[in-house]
Every structure is written in C-alpha cells, then in structure tokens.
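Just so we're on the same page: letters track the sequence lines, and every chain starts at 1.
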Amino acid sequence: AAQDKVKVGVFPISSSLPYFVALEKGYFKARNIDPETITLMGGPANVAALMTNQIEVSAVLVTLEGLNANVKKPGVAMYIAMHSQTPEYKMEQFVVRTGLTDKVKSIADLKGLKLMSAPGPANLNTAKGVLAKVGLKDGDYTIDQLDMGQHVNAMKAGTFDGGYTLEPGATIMEKLGVAKRIEAGVISTYILGNPKADAFAAGCAFTSDFIAKRPDVAKRFAEGWAEAVAFIKANPTEARKYLAKNTMTPDNVVDEVPMLGYTMTKDMSPEQLGWLQQFADFGTQIGVVPEKIDVKKVVKGF
Amino acid sequence: MIRRLDAFLPLVGVVGLLAIWSLVTSRGWVDPVLLPSPAETFKAFWKGMDGGALGFDFVKTVYRTTMATAIAAVIAIPLGIMLGSSERLYRSLEFVIDFFRSTPASAMFPLFLVLFGVGDETKISVAAFGAILVILFNVAYGVMNARKTRLLAAKVMGASRLRVLFDVMLWESLPQTFVGLRNGVSLALVIIVVAEMFIGSQDGLGHSVFEAQQLFDMPRMYAAIAAAGALGYGLNLLFLTIERRFVHWSGK
Amino acid sequence: MIRRLDAFLPLVGVVGLLAIWSLVTSRGWVDPVLLPSPAETFKAFWKGMDGGALGFDFVKTVYRTTMATAIAAVIAIPLGIMLGSSERLYRSLEFVIDFFRSTPASAMFPLFLVLFGVGDETKISVAAFGAILVILFNVAYGVMNARKTRLLAAKVMGASRLRVLFDVMLWESLPQTFVGLRNGVSLALVIIVVAEMFIGSQDGLGHSVFEAQQLFDMPRMYAAIAAAGALGYGLNLLFLTIERRFVHWSGK
Amino acid sequence: MDATPDAVRSSPTGYASPDHHGEEFPSTPPVGGAGKRPHVTIRGLSKRFGRTVIYDDFDLDIPRGELISVFGPNGCGKSTLINMIAGLIPVDAGRILFDGMLLSEIKFGYVFQNYREALFPWMRAFDNIAYPLKLMKVPAAERKARTEALVERLGVKIDLNLHPYHMSGGQQQLVSIMRALVVEPEILFLDEPFSALDYEMTLFMREQLQKLFIESGTTMVLVSHDLEEAVYLADRVLLLSRHPARVADFVPVSVARPRGDETLSDPEFVRLKAHCLEVFQREVRRG
Amino acid sequence: MDATPDAVRSSPTGYASPDHHGEEFPSTPPVGGAGKRPHVTIRGLSKRFGRTVIYDDFDLDIPRGELISVFGPNGCGKSTLINMIAGLIPVDAGRILFDGMLLSEIKFGYVFQNYREALFPWMRAFDNIAYPLKLMKVPAAERKARTEALVERLGVKIDLNLHPYHMSGGQQQLVSIMRALVVEPEILFLDEPFSALDYEMTLFMREQLQKLFIESGTTMVLVSHDLEEAVYLADRVLLLSRHPARVADFVPVSVARPRGDETLSDPEFVRLKAHCLEVFQREVRRG
Ligand SMILES: Nc1ncnc2c1ncn2[C@@H]1O[C@H](COP(=O)(O)OP(=O)(O)OP(=O)(O)O)[C@@H](O)[C@H]1O
Ligand SMILES: Nc1ncnc2c1ncn2[C@@H]1O[C@H](COP(=O)(O)OP(=O)(O)OP(=O)(O)O)[C@@H](O)[C@H]1O
Ligand SMILES: [Mg+2]
Ligand SMILES: [Mg+2]
C-alpha cells in the first residue's frame, strides 16, 4: 500500500534532532509513513503554516509561541513531545566576552555591562526576568535583542560585553574563544526556581486537524518520534552524527553541542506537567501568552 | 470642479485596497487570525498611535529614514552626475554598483554591525548605503540619457566640463533623479524597518512589526506595516510635490 | 585599441573592490574572522561551486529570480504603460504602489505563505510582487515623461488610444523601462535571497547565507553573498546589453 | 515625374515692390464662405495660455477643397490654431465643426513645425513614412509599395534606412512631409513645412504640393513665413494679427491654376502679394 | 535703436532672373585666402558617418573678419562642418587651426539649426539669453543690463519670462539668436538662424546681423537656404556639393557695405546671385 504522507515543518536546528534520527533510521518508514520535510525558519512561519493546515506537524515549535497560537486558534498546536532544557541539557544561557571573564563570574556580575539577547519578546523577557532574580534592575545594564545569526559576530567584534544566547552559538563562541559560558539552564534555576526542573521551552506539535482526521497516522508518527527519542537517550554519541548532516550545526562542534532532554508528553510526570504549567504561566505574566492557559489542553499523549 | 476632485484621487486607491482587504477577511478566504480585518487593524493602529508605542516607533523610523535618505542624496547625486558624465568611469564602477544593488542589505548587517555597532548608526548607514546605490544608478542614467544638443550648446558657449555638469547635466537628469530619490527613500525605509526587526532595536516600526509577529498580535503587526506603508507614501508624496514644482519641463 | 580595452572596464571596479577588501583584511582593520580575506572567500567560493552545494544553490536562485522577474515584467510593463498614459488613473493607484514599495517584502512573508503555500511559489510571488511595483513605477514614469510632440504626432495620424500606447508610449518609455527592469531584477534577487533566508528553504543562495551565518562560517557566507552579487551584476548586464541593442535613440 | 523641377529651378522669384497698395480689396468678413461649403467651421473660439489671450471669440470658415495660407507674425497663434483644429490641444471655449463629421472620423495629415520631435526615432525613416498606413491597416506589402511610390515620385535621394536622428535637419523635414503625404488625407496641415529645405527642394516641394492639391482637391492649411510662397500656393490667404489673433484679412487669390513661373509676374499676383504685405505690416506695427 | 526696422520693412527683395550667368567668375581655389589672414584653417578634413563619407580630405580657409555664407543641398554636411569647427563632434582625420589659438581659448557664438533642443527648458527665456554671460563670470547686475540692452536694441516684444517650451517656434529661435549675440563672440556660427522667423523679423534680423558684423568685425559663418540672404550678407559664398562635400565654388561678394534695399537691384549682386544659383544647380543635378 502507498505510504501515508505527512507534511512536516522543520526548523533545521539541533532541537529537531529526533525528527532526523527517526527519518534516517527509518522509524517512520517502518510505520508506513512518508514524511515530507518543509523547511520553515522560525516560529511565525511554522505557526502560519500550521494554522492554514499546510503542515500537519511542526518538528520544533517554541512552547510560548505554540501556546500563544493556541490562544488565537485553539488546538492548532498540540504538543506530542517536548524538549527540556536544564543546567544539564544546556540551551539558554548567559555568556560573557573573553576579555571580561576575570571580572564576571556570575550573572549578577553583568551589572553595568552592555548585553545582547536572543531575539523576540519571550527571550528578552526571560533574560530580563533572570537578571531581575539575581538583583539587577532595568538600568543596571543595557540589553538589545539581536538576530541569532549575529551573536557570534557581535561577541567577536566586541559589540556587546555578554548576554543571553542559545545553542549552538554558545558552544561556537567557547570553541572560538570569544566568549565564555557563565550559567546555563537559567530558566529552570531562576524562572522555575529549581535547577532540577525541566524547562520545556520547545516541542513537537501536531495540528488537532491531523489528530482528528487521521488519528491512526498521527499515532504512528508519534510512535516513530518516541523511538527516535529513545534512541537518542540510549546512544547520544551516535545520534549527534545526524546533527552535522541535517541541522545548522558546525562540524567542529557537533561532538560538543549539548543535547536536550527529549521527552514524549505521554511519559511526562505530573511534576513535569507542573513545570510546564509554571513556564506557561510565566509566559502569561510577561505578556507573551495573552491569557492563562491550561497546558493539559495543549498536550496530547500517544 | 473635476480638477478639485483630482486631489482626492489617491483616495480611490486607498478605498480600493480597503475594499479588497475587507472582502478577503469577511469572506474568510484568509484565516482572520493571520490577516485581521481592516477595522481591527485600524483599531490597533489608532490605539498604537494615540499615545501608544506605535506613535513613538513611527517617529523613530521617520527620523532614521530621513537621515539615511538625506545622507544618501548628498553623496549619491553629485557622484551620480560625475559617473554619468563619463561613460567609461561609469562602466568601470558599474560592476560594484550592480553587485551591491543585488545583494540583500541585510547580508551587510554583520559587517556594518562590526563597523558601527548596534546603535542607530548601523541602521542609518546600511539604509543610506542601499539608497545611495539606487539614487546613484538613477542619476547616472539620467545624465547619460541627457539630450545631446543641450550639452553641445553649453559646451560651445565655453562652459567648462564642471559647468556643463552642474548647469546642464544636473538639470537634465532631474526627472530621473527624482525617480531615484523616490526609489531611494522607499528602499531606505524598507532597510530601516528590516534593520529594526533584526538588529537590536528597542523602537521603530520594524521593532513593532517583529514584536507583534513574535506575539502573533496580527492586528498590531499589520498596523505597524500600514504605518510603514503610509510613511513611505508620505515621503514619496513629498518628493513628488518637490518634483512637480521644480521639474516643470519634463517631456518638453 | 582604446575601444577594445573598454570591454575590460568593468574589471576596474572588480579589481578596485578586491584591492580595498584585501587592504581592509590584511591591515586587520576588520577582524579577519568577521571579514575573511578575498582569497579565503574565493577558496570557499570555488569549493562550493566546484561540485559543492553553492553551485546547486546558485542555480536554484537563478531559476527563482528569473521566474520572478519574468512574471513581474509581463505584468508590470503593460500595466505601467496603462497607468502612465492616464495621469488620473496613476494618481488613483499611486498610493497603493508607493505604499507597498515602502513596506518590507519580508514583512509580507507570512501573508504570502498563507496565500501561496510553503513551496517555491511563495518566494517567487513575493519577489515578483516587489519587482512589479518597481517596474510599474518606472514604466509609468517613463510614459508620463514621454515627449509630447511624438504623442501628438501619432494622435493626429489617427492612432487610437491603444495604438498610441503601444506604438509610441511603449517606445518612449523604453529607456525608463530598462531602468525599472534593472532595478526590478536586483530587487527580485534580493527578495528571493531574503525569502530563502527567512521563510525557509533547503537550497538557494539565501539558504547558503543563512546557514553559513548560523554556522559562523564567514568565508562561505561571503562566498554566497558574492555569488548573489555576481548574479545580480550578470542579470543587470543582460538587460544592459538588450537595452543597448534596442534603445539606440536615447538622448536624441 | 511630370512636373519636372527644372521648370522651377530656373525661375527665382521676385517680391513685389512696396508701392502696390491693395486698397481695392475690401476686407472679407471673418467668415470666408464664398460659394463652397465650409469644411471646417470655427465659432467663438477662445484660447489663452496663462494670462495671455491667444484667441478670443474667433470665427473662421475653411472652405472644402481650398488651400488656405496662414500668414502672421511669430507667436500670433498659427500653430495653436491648427493644433486646436486637429484636436491636439483643447479649446477654452467655442466650437470647431467638420461639416457634419466627428473629429475622430477625419483623416488628418500634419507636418509639424517641430518636425524633429514629431518623428519616431526608434523607426527608420522609411518606416516613419509608412507608419500612418499601418494605422490605416494597410497590409505590409502595400505599405511598402505605396511608400516607395511616393519616394519615387518625389525623387528623394536620401538614405531612408537611416534613423531620423542620423539625418540632417532638412532630411528630417522631408521625411516629415512624406509621412503626411503618404496617406491621402482629407485635410492637410503644413506648419512651415519647407523651413529647413534647401533652395531647390523648396521649389520642388511647392510644385508637388500644388500638383497634389489640384489632383486630389484636399483641403489644405499651410503656415508659411514666405509671403510669395503663401500667396503662390493659396486659394485664400489668412492674415492674422498679433495675439489676441484676429483675422486681419482673408484674401481670395483668384489666379488660375496650375500656377507656374509666369504666375510670379502676373500683375494680379503681384498686386495680391503687395496687398497682403501691406496688411501684414500694418498689423505688425500696430501690435 | 538706430537701425529702425521700418527702413527694411518696406523693401521686399527680389531674386535675379535666371538668364544671368556667372561664367566670368573663375572658380577660386579651394583655399580662399585672398588678402586677409585666415582665422580658421582646415586641412585634410575627413569625416564619415558609418559608410557615408561626408568629408574627404577637405581644405578650407575662413578669413578673419569676414562673413562666409555656406550654401548647399540638404544633407551635404553644412551643420557637420561647423560642428567640427566648433569642436562639438570629432573629426576622423585632418586639422582645424585657429590662427595660433587653441579651440578652448576661442569664444564661439552658435545658433543651432535645432534651436528648440539647444535652449534650456529649466530657465526662462531671459536667463537663457544671459547664460553665456554667466559662463564668462559677468556679475549678475551687468548680465541683466547687457541682456536688457540687447533686447532693447532688437526691439523684441515677446515675454522673456516664459520658459522656452511655452513659446512659439519663431520666438524660440529668436531667443536662440539673442543668446549667441549677447556675448561678443570671436566667431559666430549661424545654422539657418532665421528659418522660423516671420517675414518682418527675418528682414530685421538680417540688418541687425550686418550691422553687428560691420561694427565688430566678427568672423561669421552663416548657413542659409535662402540664396538672396546668403549673398546679401556674405563677403564670400561657400558653395558645397553633395556629400562627399567639395568646395564647388567660393565666391567673393565685393558689393560695398552697408548693403541695403538698393543692393538687391545692384547688377553685380544680381550677377553674383545668378552665378551661385547656377553652380548650386549644376552641383545638385550632378549628385
Ligand atoms: N504651451 C504653452 N504655454 C504657454 N504659452 C504658449 C504655449 N504654447 C504657445 N504659447 C504662446 O502662444 C502664442 C502662440 O503660439 P504659436 O506657437 O501658436 O505661435 P505661432 O503663430 O505658431 O508662431 P511661430 O510663427 O513663431 O511658429 C505664443 O505667444 C506663445 O508664447
Ligand atoms: N549622427 C549621425 N550619424 C550618421 N549620419 C549622420 C549623422 N549626422 C549627420 N549624418 C549624415 O551626414 C550628412 C550631413 O549632415 P548635416 O547635418 O551636416 O547636413 P546639412 O548640410 O546641415 O543639411 P541640412 O541643410 O538639411 O541641415 C547627412 O547626409 C546625414 O544623413
Ligand atoms: Mg508656429
Ligand atoms: Mg544642417
């Protein structure tokens, strides 16, 4: 029989790893699924495509953007898997320019410096929230949001003293010796208030249309995804190989780029759901998600 | 009577645009979440302009665009006349002009970021750079297509190369210069907005568009886009008015 | 002799640009990591072109740009002539034209994504949309500035409005049309590259630039930018050559 | 070629001496409707440019099948008048009627005073000449044949494969005249059509025009600053005053056609010329 | 105004009858260097446009302080010749020397045949006329005064506040002539300068030109298709053949100056005119 086609929006960054593992290891094919990869850069493009049913799956959708989209159009992005970032599974972090490493040992030492931030109000407000938690007020520092493509440049050129950045930029910076990591997993530590807490900042989402109209295909797709997650957990080193080929990760940092805590939503513990809810509420608090949302309504376990 | 109505002609376009927009949204041809109705957009526009952030962003963008265009005009017009007056000089530099005209100014951000930092300077200089190329190109074209007899007339009266340049070529190229200026100001605006979107900005219409986009606040996003478009039209209208006053002889 | 050397004039610009670039990098005025030397960039260029991804990306971008420009020309030239031939019609639509010319096409991506889907169509249509506005604007300007006596001559010979349009205005506006086409093809290229960067694409020079940027592979990034610039120059040269052949009377 | 230019070549012309006065001609009324039915009727025509009044309540009849010469000082409004008749510039007030026809139904021939700008530089001279035939949907082969026949008849020796901007002033004017002649127009306007032609060509074209006129009976309006030419070719000479232009006189020229060298010494012709000159000078001096 | 136009107005001119033959004039050698030192020396001049040879090894001397009329068929190369002398178009071969001076040191006056396109449409007529003075760095007040003086002297009645494209053809040509006269040029080129002027204005400008010539002794080169005008104004008439242009004759006109109405009936003048006509016609027919 013909394979079931599934249209997948893919933002080729390291967070999409399970998708590429599943694809390359044939986990989808084995379930008679033929995914069509549609490269879509960033949240707005993915959300627009989800809303108009031009894709059925978004391989990486930033949680706050997904929640927001669900406020605008309920059920447009149902998370079937989430990627957690913590001090261990490094993603978001503060860095400081090499020349200042002696002076700046902790986030609080960033006082009086010129900072950059990953772009978008979610990132900017997260950075500001973290800085506030360590006692830095507006005016103790300056912060400008900057396109991720420019972060390494800006550090190299000394345009900024440090800032809030994401992977793989931070690893590249360390590798090049232009900047040093101060602290990663700041959402867990400062926003959720627990270094052990999972910050589910992004995940893989289906449209409810997809779930409703082709429940069987959706289920099989989710299973393929779960198998990939399991594989990554078991063989992180081998899994990294797929980063170099499919995502915008430089070859020379492939072996160092941190992994994320890939989790299927069906496997999420009540505690984890609580952290997700807490993160969602933070989004509402900073105004990125326009209203309070019950996260149970946007996750779908298969 | 008809003449007096002519002043309202631009409204035809506005109304037409709004009508199509209304139709598209009211019929649900496009998801209203992705394309809000004109009414909703106008509400967001009004809210933003009336003491809201949009008014402030608007002013910021006006300032940057004006600066960029002014710088571009001051550099590009004399240069364009010079280049246009010497076919061989122009041919030598054509590669550079066409080259940079065809690369996205946003690709130049990293370089300008390094050179000028993240302040207004970077945005204004990238935009000026883009506008210079367009104005230069148009002015040079205008000069190259100047009516030969007029150049000869000045020459035979003993005008030096420089005088011919400024007394004849400058004037002959004016209609085309205004085409360049209008293209240039629009491009400068576009680049400013894009720069505000992508390089660290806390204000400006681009910032507004970007933030609204990230927040899926589509009415606000389209309000900001509309503000940018209206600004562009306004600046174009300004140049058009100046042109009408000064270039009275076109086609004669 | 001198004539024959003239064919090499564009090289002056290339060489000059490379010289400045070399100087800037060799003197260390800009960090070589941020702006690699021409040699390094060329190496990356060569590696990419010679069987590498860059060659493929290049071809993809050429295809998209050509499509977009062709579509834009086919739509904009007749429309521009029509608009230009009726001052009042043009004034009615001027707002819309100047409005959209001044809004960044990149802000329109989400909308076009919705309208045209996620494939090549979106990129091509956004680029065509941008190019249409520029070409339209220039053609209409050319028509409006057509020499009046020629229009009258055709009219008095009994040419219908349509004949005047195609037998006189079309020709009269040709020099300006080529300005528009050259502006249009450059803009189309820019938009295609930006679309490849920001909407998402698995190929094309924009994809190459974006990826190189994310990977902080500066030689590759500048190689892709250089490829885009060279492509732009090439397309401009093409139009210039056509113009030289067809518009022999400019300024006469 | 039946009207050999040689007949003309050897006949330089002479102006009348100034002592001939035309007092015996009563000024014709502004409406010159002697006998023939008017082809063009102008009533209450007004035209101003800015504050300059060029025409103010101007009346004129152009009889069908006559050749009217318009003679008047620079800037009096001769070009403006024929431009208005041909519908090229709008009138401020008044009506211009074409013997029951609509303006759009009439086939005009027009040699512009500004002949250089009236030619199409993107076409070769030959195609410029043939262009009005194309407008009339004449098939290509016939267009070519008719244009060639005209060139042949006029014995034009210039290279018609050139583009207009590669031609001398006189050559351009010749092309412009040929373009007007190639169709058989109902009304032919000639605005100083021979101003750039050389001595010989001028005389030759004059004869050609007369021949064409006699053969076809086309209504013609000729603006000329050469008084002899104006009278020699005309059925009536329209003498205009400085602007606001009035009809200073509308003089019928009853000398028989075809006219030739002998006409120039015909006493009637000499008398008419002198009369026109006198009226013209009186008008010019008054302004 | 010392030369009142009235004196001219009442004197229409007459062409000589064709039976006068100029056999008694031996053709002067191509280099017309009778007595006066040449102001412009042309040697071995060659010029072609595409495959058309306009000049081929052409020699000519233009004597200082003389008025040379150039008379020749359309397209023979008259405009091309003065354009080359004025350095406006390059020569293919040959030298043009200015009595020891460089081209750039010489103050030219030039009335273009294409007077419409030679005026600057962005300036009012008055400023167009004064423009060459500006080039000479004459202060604004003096520019105004000198321009006004010229306008006064010519008794020009047109509104010089208009832009050229709002003027009639003849008015534009008049402005063009005034622009050339306002400086005191060393050499004045006039390419069919009176072609669009009305009858009266033509006669008047002719007299003005002669007066200026007598007073200033400026070397002048006049292209005209009006044979009478050419001979009337000239010290020598340069008769050119069809292209490739040769000097068909270079006829000295020894009639005394100032010339006036009586000159037109002077037997010498009549004879010269007839001679020129004959040479011209012989040349034209040969081509
Ligand atoms: N477009 C215009 N705007 C303003 N004034 C104009 C315009 N065209 C012509 N005029 C004025 O109208 C008057 C008549 O012009 P027109 O061209 O009809 O004169 P004309 O009789 O043909 O003169 P000429 O013999 O010099 O050709 C002139 O005085 C001129 O200044
Ligand atoms: N730019 C050009 N390119 C090609 N041929 C040209 C060019 N200019 C002039 N010619 C040709 O050169 C010849 C001489 O032209 P020129 O203008 O000097 O003639 P002219 O004697 O002034 O004629 P006219 O009395 O008609 O003004 C013409 O036959 C013309 O076709
Ligand atoms: Mg006229
Ligand atoms: Mg000439």
Asker: Pick out which of L222(E), N83(E), I85(E) makes a side chain to side chain contact (heavy atoms under 4.5 Å, CB included) with F189(E).
Answerer: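 Exactly one candidate clears the test, I85(E).
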Asker: Describe, in one word, how the ring planes of H163(D) and H166(D) are oriented to each other, choosing from parallel (under 30°), tilted (30 to 60°) and perpendicular (over 60°).
Answerer: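 H163(D) vs H166(D) ring planes: perpendicular.
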Asker: Against chain E, label E192(D) side chain, backbone, both or neither, depending on which of its atoms sit under 4.5 Å from a heavy atom there.
Answerer: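 Interface part for E192(D): side chain.
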Asker: So which part of F194(D) gets closer than 4.5 Å to some heavy atom of chain E, the side chain, the backbone, both or neither?
Answerer: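 It is neither, since no heavy atom gets under 4.5 Å.
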Asker: When only pairs under 4.5 Å are counted, which of D159(E), D198(E), T202(E), T80(E) shares the most heavy-atom pairs with chain D?
Answerer: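 Counting heavy-atom pairs under 4.5 Å, the top option is D198(E).
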Asker: With chain D, which of S79(E), A196(E), G50(E), G77(E) has the greatest number of heavy-atom pairs at distances under 4.5 Å?
Answerer: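 Winner by heavy-atom pair count: A196(E).
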Asker: Short question: side chain of Q208(D), backbone of L154(D) - any donor-acceptor pair under 3.5 Å?
Answerer: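 Not at all, since once roles are kept as given, no pair shorter than 3.5 Å links the two residues.
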Asker: If only atom types and distance count, is the side chain of R246(E) paired as donor or acceptor with the main-chain N or O of S241(E) below 3.5 Å?
Answerer: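 Absent.
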Asker: Give the C-alpha distance, both sets of side-chain angles, the deciding distance and a yes or no for salt bridge (charged side-chain N to carboxylate O under 4.0 Å, His left out) between R282(D) and D249(D).
Answerer: CA-CA 11 Å; R282(D) 192 181 64 216; D249(D) 205 344; over 6 Å; no
Asker: Are the side chain of K78(D) and the backbone N or O of G72(D) linked by a donor-acceptor pair below 3.5 Å?
Answerer: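 At least one qualifying donor-acceptor pair exists.
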Asker: Do the ring planes of F71(E) and F280(E) sit parallel (below 30°), tilted (30 to 60°) or perpendicular (above 60°)?
Answerer: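 Rings of F71(E) and F280(E): perpendicular, over 60°.
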Asker: Could you check whether the rings of Y110(E) and F112(E) sit parallel, tilted or perpendicular, using 30° and 60° as the cut-offs?
Answerer: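 The rings of Y110(E) and F112(E) lie parallel, inter-plane angle below 30°.
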Asker: If contact means a heavy atom pair closer than 4.5 Å, which residues of residues 168-175 of chain E contact chain D?
Answerer: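 Expected list: S168(E), G169(E), G170(E), Q171(E).
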